[in-house]
Protein chains: 2
Amino acid sequence: MDWKSEIDAAAARIDGHVVRTPLLQLDAAGLPYSVQLKLEQMQHTGSFKARGAFNTLLGEPVPEAGLVAASGGNHGAAVAHAAHRLGHAAHIFVPEMAGASKIALIRSTGAALTVVPGDYSNALQLAQDYEARTGAKQIHAYDAPATVAGQGTCLREWEAQGLAADTVLIAVGGGGLIAGALAWLAGRRKVVAVEPETSCALHAALTAGEPTDVEVSGIAANALGARRIGSICLDLAQAHLGDSVLVDDDAIRTAQRALWQSSRQLVEPAGATALAALISGAYRPEPGEKVAVLVCGGNIAPDPLQE
Amino acid sequence: MDWKSEIDAAAARIDGHVVRTPLLQLDAAGLPYSVQLKLEQMQHTGSFKARGAFNTLLGEPVPEAGLVAASGGNHGAAVAHAAHRLGHAAHIFVPEMAGASKIALIRSTGAALTVVPGDYSNALQLAQDYEARTGAKQIHAYDAPATVAGQGTCLREWEAQGLAADTVLIAVGGGGLIAGALAWLAGRRKVVAVEPETSCALHAALTAGEPTDVEVSGIAANALGARRIGSICLDLAQAHLGDSVLVDDDAIRTAQRALWQSSRQLVEPAGATALAALISGAYRPEPGEKVAVLVCGGNIAPDPLQE
């Protein structure tokens, strides 16, 4: 696939529908070096997922039956938001583990919502049944070319804003965001995948040499808890990934606190996972190596201002 | 005073000691027009106050006895942080109304801290007694030229980043931040002062034609609750201020929620006060008038990640 063309087209398509999220040079958080952050949690619905959702809805025909998506929460909120803005019906299936804040966020868009016992894979099964029954268009959370190309606009935008780094650290769940980044960068910069020890589908697949099912748990599981890595991501990772590292929940909590204390950025565990690799030392830059971190989601629970 | 030269000098002095805070174009929050935000709550210690503190400490001799400051919280945290970074002792006097989060923030810098019953004016009295007794250098929270010049670097930086607005809305407590903005802009753009109805020292002074004492209360009082406007601010406001508007606590709460829901920015009431003027309609832009809002502080209580 000509990913550069796909991502250029996606960027043109979603322009005006998504937020051009700001950068922050972080010289704090106890690190002896500076880190450039892209604050993608400021995106509509609080995560990068709005990029892939708008790219899919604007680039492909939407049937009368509307849209269906299964989601740990952030993808569902993004699809529901994009559908609402573009005048389509949407039905979102989320696992209970998505949590009250994300469920309320989806509900606020006016989308139909089914909360499913269990984890993401259970929600995906029901979404597939719904698709088969109604003819609604399924938008996969990470393993579809239009989703990956949409997420790839994040790195494209970052480079246009002045990405100042040799190495970019990105948290991985199902792999849509990092796939978009790898597709856009195509080896021009080093990309480091960061996963929770307890939700590490990419790490497991790289070790096994093929997609493999993993158990998912931990504080970031409602955003990063994919049981199996996307095949688009795995192919791109095998071609271009610089490194794959793991962090534990304590490291993620520490990074969340560091982002709040240093910069008053309150993010969900998944949003702090990439930074956790630097603070914990799971990834140690070489002397002089400039690093950047993609802060990918802010839908913390409970909503800190919920009444 | 040649404010442009003072602010240029301040910017050179504090370069590397303060955060170049990012901008965000806000196309949400229920407003029918776009608003450019400067996210100054990402500054060190969570507010613009670090600018004035570093400018004063780097531009003036500091005695052996160190520094003393009275503060509703944010200024004290900034002075304590700057003193710690530059190797000076500091003693901070805060009123109880500063709240636990701000008091903990000051304590975390290692500064000596005295919590004073009552409001800001009580803390100021004790700080002045301490200054007279010890010879420590007093850093006024808003009514000193070095403080105002330091805060003025915020607008200088914003213009360098591409301030895209005819009109800038700024929250006012004692008036240090807006004084710096008025001093820098000198009438080149319209500046709108926004104060809580229950803490409106500038509005009262403009009405009376001279500084006048006001009662202070309400949810933003621990940051904006100055009983009397600074004389530097009042002089600059009489020369250059475009408009003075008031908002109530409900409007401030609504703006806080809007910043979280639209952009995952969690700010203290004072930090949302300027935006509240737009959302509530206390300030209504003319058709085609481009507006910008300075988000000035993020030290919300309780600390959302405190354990």
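What you are looking at is a predicted structure, and each value in this text was computed from that prediction instead of being measured. Per chain, numbering begins at 1; letters A, B, ... match sequence-line order.
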Please name the pair of heavy atoms, one in B/Thr21 and one in B/Arg51, separated by the smallest distance, quoted to 0.1 Å. OG1-NH2, 3.9 Å

State whether a side-chain donor-acceptor pair under 3.5 Å links A/Asn55 with A/Gln151. no

If you tally heavy-atom pairs under 4.5 Å between each of B/Gln265, B/Gln25, B/Gln43, B/Gln261 and chain A, the highest tally belongs to B/Gln265

Counting heavy-atom pairs under 4.5 Å to chain A, which of B/Asp303, B/Leu26, B/Leu39 comes out on top? B/Asp303

Considering only heavy atoms, which portion of A/Leu23 lies under 4.5 Å from any heavy atom of chain B: side chain, backbone, both, or neither? backbone

Stepwise side-chain hydrogen bond (donor to acceptor under 3.5 Å, both in side chains) check, A/Thr167 with A/Glu289: CA-CA 7 Å; A/Thr167 302; A/Glu289 180 183 350; 2.6 Å; yes

Measure centre to centre between the rings of B/Phe54 and B/His44, then say whether the value is under 6.0 Å. no

